[in-house]
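What follows is a set of notes on a single structure, which appears directly below.
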Amino acid sequence: MRMSKLFSQTLRDRPSEAEIASHELLLRAGFIRQLAAGIFTVLPLAQRSVTKIEDIMRAEINAIGGQEITMPVVHPADLWKETNRWYQVGTEMGRFKDKAGRDMVLAMTHEEVVADLVRNEIQSYRQLPQLIYHIQTKWRDDPRPRAGLIRVREFTMKDSYSLDADWDGLDKQYRNHYQAYFNIFHRCALPVIAVKSDVGMMGGKLAHEFMYLTPVGEDTLLLCDSCGYAANRQIARFQKPKPEAEELKPVEKVETPEMKTIAGLAKFLNVPESRTAKAVFMMGTFTRDKEEFERFVFAIVRGDMDLNETKLANAIKAKELRPATEAEIIAVGAVPGYASPVDIEGALVVVDDLIPESPNLVAGANEEGYHLRNVNLGRDYEADIVADIAAADEGALCPECGAEMASSRGVEVGNIFKLGTRYSEDMGCTFLDQDGVAKFVVMGSYGIGSGRLLAAIAEEYNDENGLIWPITVAPYEVHLLDLKGAEDEARRVYDELVEAGIEVLFDDRPESPGVKFADADLIGIPIRLTVSKRSLGENSVEVKRRDMEKSELVPVEEIAAHVRALVNTLHSAIEKLVVEMPYED
RNA sequence: CGGGGCGUGGCUCAGCCCGGUAGAGCGCACGGUUCGGGUCCGUGAGGUCGCCGGUUCAAAUCCGGCCGCCCCGACCA
């Protein structure tokens, strides 16, 4: 490709909307352009990189038996009504009506379409297992897109769907994806870890997320250095300190003027925060018989811990949770700041599983200015649900080995879900087993966003001058530039490299050397060749790697062979990253 | 949805407070110059000042409403 013909241009100034490196550099280097919030055009350079990423994904998924298909972007809403997700998913789903007034859905994922295919195509256990996948556009109307390609509304995703006769089959396909996903990321030279995660709107039993660790990430992870436990904070378990057993003491009302916070209260009463009960009020949205209703949720965790809303939502099977308003709090008979689970009407009372073991806590008195000492679950109030609803934070003890865990930020670049029969049952995906009995197909789904992956790689590999692509995903292998007086020889080098099957971006523009070098650094192609009067004076071409300072002179007649060898060296260095990864349930 | 910021040629921004002929740098076109780290000089094209309404003799500027974009939070595979 001649740069004089390249569609995109580089930008000298930092675009004002870019806050993180990958966003800024992908814009400046001419890889992407924004159309609207969270909606981007992929320009030629990025398109080449994305194609390479997708080919890596194809190769790895094909290797575990995947068959590529393409499913539609527009779905009849009826399918989504069958699985209830039409009702469960909120504003994130794109909805419209076709000309006949039928409800339609913009694809945010494809379980329903897969299930519809399955119920029509799969009749017999002989047709299982199967693995189908596609690389398609998704629309998720995220309330807050940000950080360039990291979090967008429209994106391209490789999603695969496994179909099995039983759970053992699913387990095998799940493990296959676990390894294949590591292979994909490793072949993109992106370091990732796998963490256990919430199943979210996908439903199902088990999920892992593949996380690229970076401060710009928006997921918080808890990681145990000792045993390797790794989980998204949304579901991270931890060992809770066992309080000492003690006799239940009588409830005692104490005056606590202006003590509306746990910290202030504990100090005022001279007790540790762990001897207080923290009340958090939420309104949960529930679905019953396709009807939505809200219910007040009174959640209690110990005063030294925070409520984890995802855990709470899962524990009570709420579709949504939002903080309750002051009026709603008062309506159930609680007093904000002095709220107590004692004598509450009509609320769903959910307590953390540490509370039953924590005797004689300080709680509110439901009276302005007063608290109660020695409140005890079971004696003074009842819980509707006891569950782990406390959040794990930096320093929490590992649920597996008890060591202190660290927290880190990450970007989710891929995920794998054991869906089980969640969709098969709703949509009637059955097959006849060997014994002639109809059974539900056991499903899994597995996704990687290619644009987000591209951005993560850009985020990982850059310096003050620009991008530094790993060769496996670089838009071109070689960036060739000529300086004044060497144009003819550069053109011969270009033709020779192209002839040798090497991907070359040839900067043949009549620009000054500084402009050409700066653009080469910005675009970040791994190998740079310079043909100039100076190099030709030694009958040579200058060869420089983007990730290294030094350059070398290579005789013109050896250049194609030399570059071929260097390309191979760079590829094999990345191949070495592809290793077997330990799997943990 | 709550809080904050911003909207002026393709890009980065000034002008707005204090109303009076729309500016700079970069980029782009043309001419010259230079040629191993964003050369230098000249000439030129390019803007409904986000949109709608109001105030005024006069609005980029003041007032109201709306829209869009960015950041933080809520939310979220």
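Letters A, B, ... mirror the listed sequences (proteins, then strands); counts begin at 1.
- Closest to the side chain of Ala518(A), from the set A74(B), G38(B), C70(B), is G38(B).
- Between the side chain of Gln9(A) and the base of G10(B) there is no donor-acceptor pair of N/O atoms closer than 3.5 Å.
- At a cut-off of 3.5 angstrom, counting only N and O atoms as typed in the model, there is no donor on one side facing an acceptor on the other between the side-chain of Thr530(A) and the base of G36(B).
- The minimum heavy-atom distance between Ile457(A) and Ile53(A), with the atom names listed, is CD1-CD1, 4.1 Å.
- Donor-acceptor pairing under 3.5 Å, judged by distance alone, is present between the side chain of Asp519(A) and the base of G38(B).
- U12(B): Watson-Crick or G-U partner is A24(B), with both key distances under 3.5 Å.
- Note on Arg491(A) versus Asp508(A): no salt bridge recorded, every NZ/NE/NH1/NH2 to OD/OE distance being 4.0 Å or above.
- Both distances falling under 3.5 Å, in either a Watson-Crick or a G-U wobble arrangement, occur for no nucleotide opposite U48(B).
- Take the nearest nucleotide of RNA chain B for Leu553(A) and for Arg14(A): the residue whose nucleotide is more 5' is Arg14(A).
- Shown here, G38(B) forms no base pair; nothing in the strands shown gives a Watson-Crick or G-U wobble contact with both key distances under 3.5 Å.
- In this structure U61(B) sits in no base pair that meets the Watson-Crick or G-U test at under 3.5 Å.
- Between the side chain of Arg509(A) and the base of G38(B) there is no donor-acceptor pair of N/O atoms closer than 3.5 Å.
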